[in-house]
There are 2 protein chains.
Amino acid sequence: MTSPTPPEGGAAERSRRPLRRDDGRLVRGRRSRARIRAAAGELFREVGFDAATLRAIGARAGMGASSIYRHVRSKEELLVFDLRDRQEEAWQRFRREDDKRAPTRERVRKFLEAQHALLAEDPDLTTIALRATTHPGARVARQVLALHDRTIGLLFEVLQQGKMRRDLDREVDAMAAARAIFHVTTSARIPWANGLVDAEGCRISIESAVDVLFRGLLAQPRPTHNGV
Amino acid sequence: MTSPTPPEGGAAERSRRPLRRDDGRLVRGRRSRARIRAAAGELFREVGFDAATLRAIGARAGMGASSIYRHVRSKEELLVFDLRDRQEEAWQRFRREDDKRAPTRERVRKFLEAQHALLAEDPDLTTIALRATTHPGARVARQVLALHDRTIGLLFEVLQQGKMRRDLDREVDAMAAARAIFHVTTSARIPWANGLVDAEGCRISIESAVDVLFRGLLAQPRPTHNGV
DNA sequence: TGCACTATGCGATCCTGTTCGCATGACGAG
DNA sequence: CTCGTCATGCGAACAGGATCGCATAGTGCA
């Protein structure tokens with residue numbers, strides 16, 4: 001049922017191109033995988049990530065807890081799947097609605113809004129994704145970092161186009177700027193995930209930080225550029 | 001032996017001012033606490049945070065694993081103690097060596113260097129501190145976030161002084177800028193902690209991001225400030 | 001039909017952070 | 001001396017993520 005194009009990163013499934021023809025078992029496996037992901041998603045939303053026991057997820061998916069590991073390498077991966085899907089969706093929506101001729105600041109704002117809408121739905125997405133990056137060597141960490149890279153890449157693209165169009169200062173390091181913007185959004189979400197500020201406060205915090213950044217990015221007549 | 005001024009946040013110790021005079025037991029308790037922290041520190045450095053079992057820490061400290069919880073509220077707290085101590089030290093060193101008349105960019109650079117030297121010693125410090133913030137509601141999370149706030153406050157102070165002295169543009173939002181700088185440093189350390197870049201690469205990444213930021217902070221003759 | 005192969009599932013088990021109830025022993029009050 | 005109080009310590013137990021060895025059952029091949 002899922003779109004056939006992406007390899008759909010199941011654990012065993014991705015390991016090797018199927019040497020034998022599509023097995024009846026493989027069909028069952030795909031169905032199980034879908035049930036697991038559905039059950040996990042429901043439970044995560046109902047009781048939160050930490051309170052959702054693997055045994056409970058398994059029960060809802062109609063199987064034992066240990067069987068889940070036939071399809072998933074860790075509990076966190078279950079949420080990262082979700083995150084990846086939503087992220088993909090947010091990117092595509094941005095690309096659809098993006099007006100390449102709009103001012104760069106405006107394009108970035110739109111992108112961050114999409115990003116914010118994505119993550120503000122569920123603090124767990126932020127929390128667990130971040131937590132995943134604190135387990136170096138784990139597969140999940142790499143998956144999340146890959147998402148980071150793609151986000152930075154997208155921002156870089158926007159900034160680079162801004163430079164081409166003389167919308168941004170030509171002296172500016174677009175990659176550093178893209179990273180800075182991304183880092184700000186990531187880290188600014190931490191207080192929100194901890195309930196210290198609400199979603200709107202978080203958004204504003206990000207916006208004002210990006211404002212500060214853009215003060216230095218926008219092309220303007222300036223005498224020199226790197227004065228101490 | 002530790003300086004008497006800070007309340008030395010042991011779990012039970014801090015809970016209430018001792019109603020009865022200093023007990024022999026309290027002395028024993030303090031000694032145990034010291035042994036635990038020492039043992040934990042050693043083991044963390046030897047095998048890393050995750051591989052250091054509480055049972056192993058307890059054994060090295062000469063007590064059972066469960067007894068540790070008389071002095072500490074969670075394993076993570078053991079490392080946050082460390083972090084807090086080192087952080088305090090780094091702040092003090094910065095304050096000692098800081099020349100308030102130096103250019104603001106330079107002062108910030110010095111501060112970030114101290115900060116980097118502090119954290120580059122041990123990836124676990126970054127990793128676990130970050131992980132702690134992904135457990136909302138946990139005591140450790142609040143402790144780490146308090147450290148964040150103090151760091152941001154210090155940066156704010158430096159930037160504010162820069163504004164006063166006309167070193168920085170008066171229109172700039174110093175708090176937003178301080179937050180932005182801090183967020184960049186925090187988040188930029190994630191790829192390093194995951195082994196994707198080395199310590200030097202991480203430092204450079206931070207520096208260039210801050211460079212971009214300062215392009216907009218430095219006071220310069222500019223026509224308007226909030227052009228689209 | 002029999003055999004090798006392998007994806008899926010299961011229950012038992014492991015590991016480790018954390019909690020619980022109880023024991024010990026130092027202290028002050030009566 | 002005795003009793004209540006309380007900080008400390010202990011071992012058992014719990015919880016939940018992860019691993020292991022075994023069973024089941026499709027599939028292709030001879």
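Every chain is numbered from 1, with letters handed out A, B, ... down the list of sequences. It should be emphasised that the depicted structure is a prediction, and the values quoted were computed from it without experimental measurement. Basis for what follows: all heavy atoms, side chains included, without hydrogens, waters or symmetry-related copies.
Out of C:dT18, D:dT8, C:dC10, the shortest distance to the side chain of B:S74 is found at C:dT18. Considering only the side chain of B:S66, D:dA12 comes nearest among D:dG9, D:dA12, C:dT8. Nearest to the side-chain atoms of B:R70 among the listed nucleotides C:dC10, D:dG9, D:dA18 stands D:dG9.
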Exercise. Quick one: do A:R107 and A:Q161 satisfy side-chain hydrogen bond (donor to acceptor under 3.5 Å, both in side chains)? Show the steps, please.
Key: CA-CA 11 Å; A:R107 292 180 71 195; A:Q161 288 168 359; 2.7 Å; yes
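Between the P atom of C:dG9 and the CZ atom of A:R35 lies a distance of 7 Å, rounded to the nearest Å. Remark: P of C:dG17 and CG of B:L54 are 5 Å apart, rounded to the nearest angstrom. A:I57 has its CD1 atom 15 Å from the P atom of C:dC10, to the nearest Å. Atom CG of B:D50 and atom P of C:dC15 are 17 Å apart (whole Å). The distance between atom CZ of B:R131 and atom P of C:dG17, rounded to the nearest whole Å, is 11 Å. For the pair B:R73 CZ and C:dG17 P, the computed distance is 19 Å after rounding to whole Å. C:dT19 atom C1' lies 17 Å from atom NZ of B:K75, rounded to whole Å. Rounded to whole Å, the distance from CD on A:E76 to P on D:dG16 is 16 Å.
Side-chain nitrogen and oxygen atoms of B:S67 include none within less than 4.0 Å of the OP1 or OP2 phosphate oxygen of D:dT8. OP1 or OP2 of C:dG9 sits under 4.0 Å from a side-chain N or O of A:H71. Taking only side-chain nitrogens and oxygens, A:R33 comes nearer than 4.0 Å to OP1 or OP2 of C:dT8.
Positionally, the nearest nucleotide of DNA chain C for A:M63 lies more toward the 5' end than for the other of A:R55 and A:M63.
The pair B:R109-B:E106 meets the salt-bridge criterion, with a side-chain N (NZ, NE, NH1 or NH2) lying under 4.0 Å from an Asp/Glu carboxylate O.
Side-chain N/O atoms of A:H71 and A:R37 include no donor and acceptor closer than 3.5 Å.
Relative ring orientation between A:F111 and A:F94 is described as perpendicular, the plane-to-plane angle rising above 60° on a 0-90° scale split at 30° and 60°.
Remark: A:K75 is not positioned above the aromatic ring of A:F44, lacking an NZ or CZ atom under 6.0 angstrom from the ring centre and at most 45 degrees off the axis.
Across all strands shown, A:A52 has heavy atoms under 4.0 Å from sugar-phosphate atoms exclusively, and none from any base.
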